[in-house]
Enquirer: 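Have a look at this one.
Quick caveat: nothing in here was measured; it's all calculated off a predicted structure. Remember, it's 1-based here, ligands and their atoms both numbered in the order they're listed.
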Amino acid sequence: MINAQAKKNIRKAIYLAEQKTSGEIRVHLDKKGGNDPFDEGKKVFEKLGMTNTEARNGVLIYLCFNRKQIAILGDKGIHELVPDTFWDNTYKRMSEAFKKGAFEEGICAAIHEIGLKLSLHFPVNNHNPDELSNEITES
Ligand code: CA
């Protein structure tokens, strides 16, 4: 579903989104998953050290295609500022794209939306280190 080219495009989408914000976005692909995608996502969130940002503004897109599961987890810095409806809407749009088989497009669109939201609350100043790798992780 996500081939090498798609991964490259997703990394690029993350890179572009992060140019406009100090926030950080990561994507994780899980093969096995669990009953509750949010619980699984939280485990990955911790494992990846997603809280390792100065402003606590990391966002993880957790995906398990085998179980058709999506979870979007924002660290406390961003979670406190963004209403639940934003995460719900992003989730819904991605899920609709996946139903049409548009996996790469759905992920990139979500990255774009999250990046825009992050940029409103965490705009870039001159110091914008890449605090979390843009590489897609898999387990
Ligand atoms: Ca990054």
Enquirer: Any N/O/S of E131 under 3.0 Å from the Ca ion (ligand 1)?
Expert: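 False for E131.
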Enquirer: Are W87 and V59 close enough that some pair of their side-chain heavy atoms sits under 4.5 Å apart?
Expert: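 Yes. Closest side-chain heavy atoms under 4.5 Å.
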Enquirer: Could you check which N/O/S atom of D130 is closest to the Ca ion (ligand 1)?
Expert: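 Atom name of the closest N, O or S in D130: OD1.
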Enquirer: Within the distance-only criterion (no hydrogens, no angle test), does the side chain of T53 pair as donor or acceptor with the backbone N or O of N57 below 3.5 angstrom?
Expert: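 Yes, T53 side chain to N57 backbone: donor-acceptor pair under 3.5 Å.
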Enquirer: Give me the ring orientation class for F103 and F65: parallel if the planes are under 30° apart, tilted from 30 to 60°, perpendicular past 60°.
Expert: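 Rings of F103 and F65: perpendicular, as their planes differ by over 60°.
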Enquirer: Which N, O or S atom name in E24 marks its closest approach to the Ca ion (ligand 1)?
Expert: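 Nearest N/O/S atom: OE1.
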Enquirer: With the Ca ion (ligand 1) at the centre, find the angle made by O from L132 and OE2 from E18, to 10°.
Expert: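 Output for this angle: 130°, rounded to tens.
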Enquirer: Answer yes or no as to whether an N/O/S atom of Y15 is found below 3.0 Å from the Ca ion (ligand 1).
Expert: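 Not a single backbone or side-chain N, O or S atom of Y15 is under 3.0 Å from the Ca ion (ligand 1).
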Enquirer: Is the Ca ion (ligand 1) under 3.0 Å from any N, O or S atom of I14?
Expert: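 Given the 3.0 Å cut-off, I14 does not count as a ligand of the Ca ion (ligand 1).
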Enquirer: Flag the pair R93 and E113 as a salt bridge only when some basic side-chain nitrogen lies within less than 4.0 angstrom of an acidic carboxylate oxygen.
Expert: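 The answer is yes: the pair qualifies as a salt bridge.
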Enquirer: Taking the six-membered ring of F98, is the NZ or CZ of K68 close enough (under 6.0 Å from the centre) and on axis enough (within 45°)?
Expert: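 No cation-pi geometry.
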